Amino acid sequence: MQIQCGFRLFIVLLASVIYNSVLLGQSIPWFALNGHDAVKTILINPAFQFEDKMKSSIQVGTILMDYANNFGYFKDQRFISLPFNISSISVPELQLKNDGSNPAIGLERDVVGYELKLNPSNSNKIFFSTQISYGGPGCIRVFKNGFSAGVISGMEFHGGVNDFPQQTTYNAYRNYREGNTIEIPLWNLLGYGYFYAGLYGAKVFNINEKGKLSVGINTKYLGGLTYMALENAEPIGKYTFGKDEDVIVSNLLLKYSYTHGSDADIRSSIIKGNGVGTDLGIYYAQKTSSKLITHFSGGISIKNLGFIKFNSSLRYGALEINEDTGINFSQIDSTKSLDQFVDSAYVILNTKPLNTYSQSLGKTIFIPAELNVLLNVDISTYAGLHVFFGVPLSRISPDAIQFGFVPELKLDKVNIMVPFSYNQFTGFKLGAGINLDFLTFGTDDIRSFFKRDKLESGSIYFGVNVRKFEKIQKKKKNI
């Protein structure tokens, strides 16, 4: 049985995306659908119409973490402890032996701690998607003339793999023999992070006595923190296995971009590019005469229309193979940085005259945008139902297509929310969350709080915000 280092090299590159995106799928934004966490809500749809009596909202701070991955799993672990043990993560099946020579070809024992066990399945549904976002500080003010305005700030990090070919997963790859030939289709890998700060504005128009239409916009400065992209831009027709770590590749067009290629990049300035982004939304709300369905509303928005112009710290280019080229992965596998990887690949490509290599510095990157649809229904005075649909508008986006509905129970001092959701990566999930006066806490996947035999996904949200309402004046009784 033989495992080629090519798959191990991919895991190394995948780890680079984890690093470049700070680690931490996709969860539905259940915490932002009812307007309680107001600044988060306008980041979903800036035209959202808040409660009539709300005057202002201050966002103290929020954090959202997601993780979804079926390349492998952690055994008997909780998701909520994973972010605190990043430095302990390892992949024993792909570690070098103690003598530093050949890679391990398998692992008979059970993994322990934060060792990642590679999945042996031949599933066609291969995914890796991560997200972490910080929000705040921020604030919103609602005026009596129908205008709303505010300031927003925060950071977002995303990373993932799209369309990873099933025939190069661990279980398939380790069983290939000398002389076997496979085809490798298109796939891409993306990780990016940015800081944002900007202004929010919205206007509500009265359509009739019970109906209101609103439009809104967020305009943001974007400070690029990190970026990495790999794209297999054309199918590889013949990928033939040789002895040990040798392969012969008939063609290749690998496009790459990255900001953190060496230790020097890590020590350099934090902001590596500047740009502008915007969110646009439209929203309609209607009161009814029914005692059961008292109010319904809905809207559509486009989030993250924007770009970042990275400085010379971003390197981009292409590695192109145009004739049969032999590759020995031992020449690449020992590389310790992306700069070294690209340099090693260039040396290999240079052995054939028809192969080409290019690299340039500085590039404008367009942030993957997403389309969101939100529907809300108030049921009597004690319940509500929220429906959300989100889809990325870029084929290279690491984020998932999502759908969910969230029943809500409204009590005096607390709202209880129960998200039911589906996304293309992790399937159906059940969550739980609460709104207190100043606190929102919960998850769209209740399993995140418990130990799991195979931990492959999880999410958690925590937010603190303070809202101010108009005081209701009591009518004086005539004596």
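In this chain, numbering begins with 1 at the start of the sequence shown. These numbers come from a predicted model, not from an experiment.
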**OP:** Assign the ring pair Phe441 / Phe449 to parallel, tilted or perpendicular, where the plane angle (0 to 90°) is split at 30° and 60°.
**Re:** tilted

**OP:** For the pair Phe48 and Tyr283, name the ring-plane relationship: parallel under 30°, tilted 30 to 60°, perpendicular over 60°.
**Re:** tilted

Original post:
Just by distance, do the side chain of Ser312 and the backbone of Leu361 share a donor-acceptor pair under 3.5 Å?
Top reply: no

Original post:
Does Ser421 use its side chain to pair, donor to acceptor, with the backbone of Ile28 at less than 3.5 Å?
Top reply: no

Kindly state each residue pair satisfying salt bridge (Lys or Arg N to Asp or Glu O under 4.0 Å) with at least one member in [range], sequence neighbours excluded.
range: residues 221-236; answer: Glu231-Arg395
range: residues 248-258; answer: none
range: residues 215-228; answer: Lys220-Asp279
range: residues 36-48; answer: none

Are [X] and [Y] close enough that a side-chain donor and a side-chain acceptor fall under 3.5 Å?
X: Tyr256; Y: Gln359; value: yes
X: Thr226; Y: Tyr194; value: no
X: Tyr114; Y: Asn85; value: yes
X: Thr443; Y: Ser459; value: yes
X: Thr440; Y: Asn435; value: yes
X: Gln402; Y: Tyr422; value: no

Side chains of [X] and [Y], heavy atoms from C-beta outward: is any pair under 4.5 Å?
X: Leu222; Y: Val276; value: no
X: Leu252; Y: Asn232; value: yes
X: Met155; Y: Leu225; value: yes
X: Asn69; Y: Leu116; value: yes
X: Tyr258; Y: Asp339; value: yes
X: Ile89; Y: Phe74; value: yes

Applying side chain to side chain donor-acceptor pair (under 3.5 Å), name anything that partners [X], two or more places apart in sequence or on another chain.
X: Thr240; value: Thr181
X: Tyr346; value: none
X: Glu408; value: Asn34, His386, Asn415
X: Ser133; value: none

Rounded to the nearest 0.5 Å, what's the gap from [atom1] on [X] to [atom2] on [Y]? Could you check?
X: Tyr357; Y: Asp343; atom1: OH; atom2: CG; result: 6.0 Å
X: Ser344; Y: Leu349; atom1: OG; atom2: CG; result: 11.5 Å
X: Leu319; Y: Ser358; atom1: CG; atom2: OG; result: 7.5 Å
X: Leu314; Y: Met228; atom1: CG; atom2: CE; result: 11.5 Å
X: Ser81; Y: Leu455; atom1: OG; atom2: CG; result: 7.5 Å

For [X], all residues meeting salt bridge (charged side-chain N to carboxylate O under 4.0 Å, His left out), sequence neighbours excluded:
X: Asp445; value: Arg447
X: Lys272; value: none
X: Glu320; value: none

Original post:
Partners of Tyr196 by ring pair (Phe, Tyr, Trp, His ring centres under 6.0 Å), sequence neighbours excluded?
Top reply: none

Original post:
In a check of ring-ring contact (aromatic ring centres under 6.0 Å, His included) between Phe405 and each of Phe388, Phe428, Phe420, which one passes?
Top reply: Phe420

**OP:** Using the ring of Tyr316 (Phe, Tyr or Trp, six-membered ring only), decide whether Lys363 places NZ or CZ under 6.0 Å from its centre and within 45 degrees of its axis.
**Re:** yes

Original post:
Within 45° of the axis and under 6.0 Å from the centre of the six-membered ring of Tyr73, does NZ or CZ of Lys454 qualify?
Top reply: yes

**OP:** Using the side chain to side chain donor-acceptor pair (under 3.5 Å) rule, pick out the option among Asn350, Thr325, Asn322 that qualifies with Asn355.
**Re:** Thr325

Original post:
Using 4.0 Å as the upper bound for N to carboxylate O, is an ion pair formed by Lys75 and Asp453?
Top reply: yes

Original post:
Taking all non-hydrogen atoms of both residues, which atom of Gln77 and which atom of Gly113 are closest, and how far apart?
Top reply: NE2-O, 3.2 Å

**OP:** Please confirm whether Tyr239 and Phe241 have ring centers closer than 6.0 angstrom.
**Re:** yes

